[in-house]
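As structure tokens, the structure follows; a few thoughts come after it.
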Amino acid sequence: MEKFNIAIDGPAGAGKSTIARLVANTLGFVYVDTGAMYRAATWCMLQAGISPEQESEVIALVRDLDIRLVLGSDGQQVLVNGKDVTAEIRSALVNSHVSQLARIPEVRHVLTDKQKLLAVNKGVVMDGRDIGSHVLPHAEVKIFLTASARVRAERRFKETEGRPGVTVEQLEQEITTRDRMDEQRETAPLIQAADAVRLDTTHLTIPLVVERILELCRTEVGGGK
Ligand code: CDP
Ligand code: CDP
């Protein structure tokens with residue numbers, strides 16, 4: 001089978017990383033979680049005591065970072081300058097700062113360059129916000145995954161049993177605030193690429209979404225199983 005690239009974009013909690021990982025496993029492709037790169041940069045910024053408004057400091061810090069996505073025994077691990085930050089980058093503090101860092105054009109430029117490099121040999125499933133529109137505009141298959149904000153919050157709620165006292169309403173508020181920032185930023189906002197296929201997963205199970213994407217791979221590029 002010829003290799004090709006798959007771009008998956010969409011708002012928070014739409015199922016991008018779950019679906020992208022499963023599609024990559026089925027095809028024997030590499031999964032690249034670009035959100036993890038923005039999250040890792042945000043974690044470092046917070047560790048360094050820098051705020052997102054201090055743009056030149058944030059840019060200098062991001063330029064120097066060595067961010068790696070590696071496949072460990074427990075799935076994908078995120079390493080920054082050799083330190084494993086896989087768990088830390090999912091904190092509420094990172095959630096509430098990541099979109100502010102991600103709106104800085106030069107930060108996007110640095111991370112986009114790294115992402116493009118990861119996909120040059122094809123055989124990559126990459127998820128994020130601007131993959132089909134900016135990072136991989138020539139990806140052979142482009143998906144825009146979405147779901148109602150309520151359902152996305154409920155999915156996150158199921159995952160956050162570890163955050164005592166957090167309600168579905170609070171999570172819905174958090175994700176819609178982040179979505180709005182991602183949609184409204186000037187550089188590479190969250191947007192459905194003109195040639196992307198929109199999949200509303202509100203009422204779709206994970207296996208069904210995976211099957212739809214594999215089917216699309218077969219029809220679009222003759223790839224998939
Ligand atoms: O997992 P979730 O959908 O909540 O978020 P994520 O994919 O880990 O992305 C975290 C944040 O990184 C997003 O809310 C965006 O602000 C930013 N991001 C971005 O700007 N561009 C990307 N390609 C990926 C993520
Ligand atoms: O990466 P993104 O933020 O778009 O979403 P995710 O972290 O992959 O998915 C959020 C949660 O929704 C996970 O717990 C998935 O198992 C769940 N999910 C679901 O229940 N039904 C789907 N069709 C897709 C995801």
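In each ligand, atom 1 is the first atom listed, and ligand 1 is the first ligand listed. What's counted below: heavy atoms across the whole structure, side chains too, no hydrogens, waters or symmetry copies.
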Closest non-hydrogen contact found for P11 with R129 is C-NH2, 4.3 Å
Decide whether R155 and T201 meet the rule of one side-chain donor and one side-chain acceptor closer than 3.5 Å.
yes
TODO: Compute the shortest N/O to N/O distance between R178 and ligand 1 and return yes if it is under 3.5 Å, no if not.
DONE: yes
* Asked: So is there a nitrogen or oxygen of Y38 less than 3.5 Å from a nitrogen or oxygen in ligand 1?
  -> no
Query raised in the report: Would you say R103's side chain and T187's backbone share a donor-acceptor pair under 3.5 angstrom?
Result: no
Any heavy atom of K158 under 4.0 Å from ligand 2? The part involved is neither
- Query: Do R178 and E183 meet the salt-bridge criterion of a basic N to acidic O distance under 4.0 Å?
  - Reply: no
| said: Regarding ligand 1, does R39 bring an N or O atom to under 3.5 Å of one of the ligand's N or O atoms? | reply: yes
Looking only at protein heavy atoms, what sits closest to atom 16 (O) of ligand 1 is D182 OD1, 2.6 Å
A student checking ligand 1 against R90 at a 4.0 Å heavy-atom cut-off should list atoms 8 (O)
In terms of its nearest heavy atom to atom 1 (O) of ligand 1, the top option of R156, M181, R108, R103 is R156
Note: L208, heavy atoms under 4.0 Å from ligand 2, region reported as neither
Any side-chain to backbone donor/acceptor pair from K16 onto D127? Under 3.5 Å, distance only. no
**Asked** Going by distance only, is there an N or O of Q115 that falls short of 3.5 Å from an N or O of ligand 1?
**Response** no
Any heavy atom of K16 under 4.0 Å from ligand 2? The part involved is both
